[in-house]
Amino acid sequence: MKLHDQWENLPAAHRTRFLNTRIAATDQWPAHELPGWQQPWQPLRPLILTEDAASALGRLAARMIHLAVDACLRRARTAGDLYDLLRYPRRLPLLDRDRPLDHAELTACARPDILLSDGTPRFLELNISTAVAATRAVDVLAAAYHDLWDGPHLIPPPSVIEARSAHLAATLPHPDDGPPRLLIPTWTAGGRLPGLDGEAALRAYLRPSADSATRAGLRVIQASLSELRTDHTALLYAGTDRVDAMLCPFLSDEVSDDNGGLAAIARAQSAGTVRLFQSDATSLLSAKAVLAWIHQDIDLLDPADRQLVRDHLPFTLHLPRHHSAAQRRAPLSHAAQARERLVLKPSCGHGGHGVVFGRDLSPTQWLRILHEELEHDDVVLQELVDADTLRMPFFSPAADRVHHEDVAFVLSPYLIGGRSCGLLVRHDAPTRTTNSAAESALNPINMANSAFCNTAMLIRPPHAAPTATP
């Protein structure tokens, strides 16, 4: 399977008009809604893929995530078992420790991070969690780009928000008195996207999700976590409104000032009177140790899955901090010999924090840092991926100038209920200080490093019907 940017395969006249129209629309462009766009330069276009390629990537991602859940189920029965096995470092107030691990629940929403290496997708992280970021931004960007394109056959990916609403409407149990009542909560502090100060701003940000869920036939409640309580039968209420299910656009350990709301949710969840989309258990599958488990289990897989893992999952080795010196001897020897082709990562880290590239250090520094990290954290060693770059035009409104640059990028397809929808593309800004685009591709690409949140558009062949994604 090979994926390449198809921008140059679009008609030249349409490309020129698109870029000119995009520059002319700069003042109306929704940059204020887009993570990473408050910078001197703005990207002028999306990544371009064929619709068939995007669907194939979604199927590949869904299978990789299925293998990850299988690897967990070989080692743990409940969410609490998996939490303990991973020595997960964060407190998860909404983790139902006794809840059995379940494929459908754990994979209801995912957004893996993928690098392309000579066009081959290579999975760095699975990002199966309650708060996969940039959901709204991807939909906003796809619609904005689509409005600018005046040619044929270029379409936006399916909306993430609409796909999520349809999934909830199809899977939530219906009470006797009508459609499910879905809570889309707000809260006063912590666990919130930057720039959303106050519950009014957060409520407005979540309004498209509420409107979409309403269109899907759900009864939507928007209320603060501080208003939640349970009655004597552990039914969950927001004020006087009964709650059957709740969208969780936050990580529960980051929420504060909830006035007992999280405790009320936990009681209702434990009693089985409320469904969460998604539960805290999904965060556990984002641990990079799970990628190492897939490799450990490769001989248990059927031939097709073994080849899938070898082709698309960089070799990942788990080093638990509790291992003895004898157990560490072979992994540390491998780490020393393969330093320039390895990346050190915290097993349960996120956002690029704690990532160390062996090629950036001397052999002595590399082993010292590895030993230091093992003193307080489980880590993984992951094979370095030689990543492709993307030729991107940027526009500076202040300078009224266009600049083209090859930038590193990460491709992250959204999966809702195993079906692919929106595509998040994060890429560097042209001002990032690296010696080359190839070197930039070896560093974490995230909003903390001033990366842009972008998206992809899809080429649909003439007369083709929409591609179904299993």
Side-chain angles (χ1 to χ4, degrees), residues 1-3 57 60-61 63-65 67-68 71 86 112-128 285-301 305-320 323 327-363 365-367 369-371 373-374 377-389 408-412 426 434 436-446:
M1 179 183 181
K2 298 284 187 177
L3 296 177
L57 181 65
L60 173 64
R63 187 59 191 166
M64 190 68 76
I65 291 165
L67 295 178
L86 289 168
D113 286 348
I114 299 168
L115 292 178
L116 301 182
S117 181
D118 192 23
T120 299
R122 307 295 304 279
F123 287 73
L124 300 185
E125 298 187 35
L126 296 183
N127 288 322
I128 306 169
L285 271 78
S286 298
K288 297 166 192 66
V290 176
L291 304 180
W293 294 346
I294 296 174
H295 278 288
Q296 288 176 20
D297 297 348
I298 196 165
D299 291 338
L300 303 177
L301 307 181
D305 285 335
R306 284 201 298 271
Q307 193 61 49
L308 181 148
V309 171
R310 293 189 179 108
D311 289 345
H312 299 290
L313 184 62
F315 180 74
T316 308
L317 181 66
H318 183 212
L319 281 73
H323 271 189
Q327 290 173 306
R328 291 181 181 180
R329 190 171 296 119
L332 291 177
S333 175
H334 170 69
Q337 295 172 12
R339 171 182 58 83
E340 293 189 353
R341 298 298 305 168
L342 291 176
V343 184
L344 172 66
K345 300 181 178 182
S347 174
C348 298
H350 63 93
H353 300 296
V355 175
V356 180
F357 290 80
R359 54 144 176 92
D360 290 339
L361 304 173
S362 70
Q365 291 173 320
W366 170 246
L367 288 179
I369 288 177
L370 182 53
H371 281 286
E373 291 300 311
L374 281 170
D377 202 359
D378 286 15
V379 302
V380 299
L381 293 169
Q382 191 173 72
E383 172 194 353
L384 185 67
V385 175
D386 295 318
D388 299 343
T389 58
F409 70 102
V410 177
L411 179 59
S412 302
R426 282 163 295 166
T434 51
S436 67
E439 181 181 344
S440 179
L442 301 180
N443 291 284
I445 303 167
N446 53 49

Exercise. Going by atom types only, do S412 and D113 share a side-chain donor-acceptor pair under 3.5 Å?
Worked result: yes
Exercise. Considering the options V380, V379, L291, L381, which one meets the side chain to side chain contact (heavy atoms under 4.5 Å, CB included) requirement together with H318?
Worked result: V380
Problem set entry | The single option from V385, V355, I114, L313 passing side chain to side chain contact (heavy atoms under 4.5 Å, CB included) against L124 |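 Among V385, V355, I114, L313, the one that satisfies the side chain to side chain contact (heavy atoms under 4.5 Å, CB included) with L124 is V385.
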Exercise. CZ of R306: more than 12 outside heavy atoms within 6.0 angstrom?
Worked result: yes
Exercise. Would you call D118 and K2 a salt bridge, using N to O less than 4.0 angstrom?
Worked result: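 Judged by the 4.0 Å cut-off on N to carboxylate O distance, D118 and K2 do form a salt bridge.
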Problem set entry | Under-4.0 Å salt bridge between K288 and E125 |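 Yes, K288 and E125 are salt-bridged.
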Exercise. Taking all atoms of both residues into account, what is the closest heavy-atom pair of A289 and L86, and its distance?
Worked result: CB-CD2, 3.9 Å
Problem set entry | Closest heavy-atom pair and its distance - G119, D388 |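 For G119 versus D388, the nearest heavy atoms are N-OD2, 2.8 Å.
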Do the non-hydrogen side-chain atoms of [X] and [Y] ever get within less than 4.5 Å of each other?
X: L308; Y: L301; value: no
X: I369; Y: L361; value: yes
X: K345; Y: T316; value: no
X: V309; Y: H295; value: yes
X: L3; Y: P121; value: yes

Main-chain N/O of [Y] paired to [X] side chain as donor or acceptor, under 3.5 Å:
X: R122; Y: D311; answer: yes
X: E383; Y: F315; answer: yes
X: S347; Y: A287; answer: no
X: R339; Y: G358; answer: yes

For this session: Go through L126 and L285 one step at a time and tell me if the side chain to side chain contact (heavy atoms under 4.5 Å, CB included) criterion holds.
Result: CA-CA 7 Å; L126 296 183; L285 271 78; 5.9 Å; no
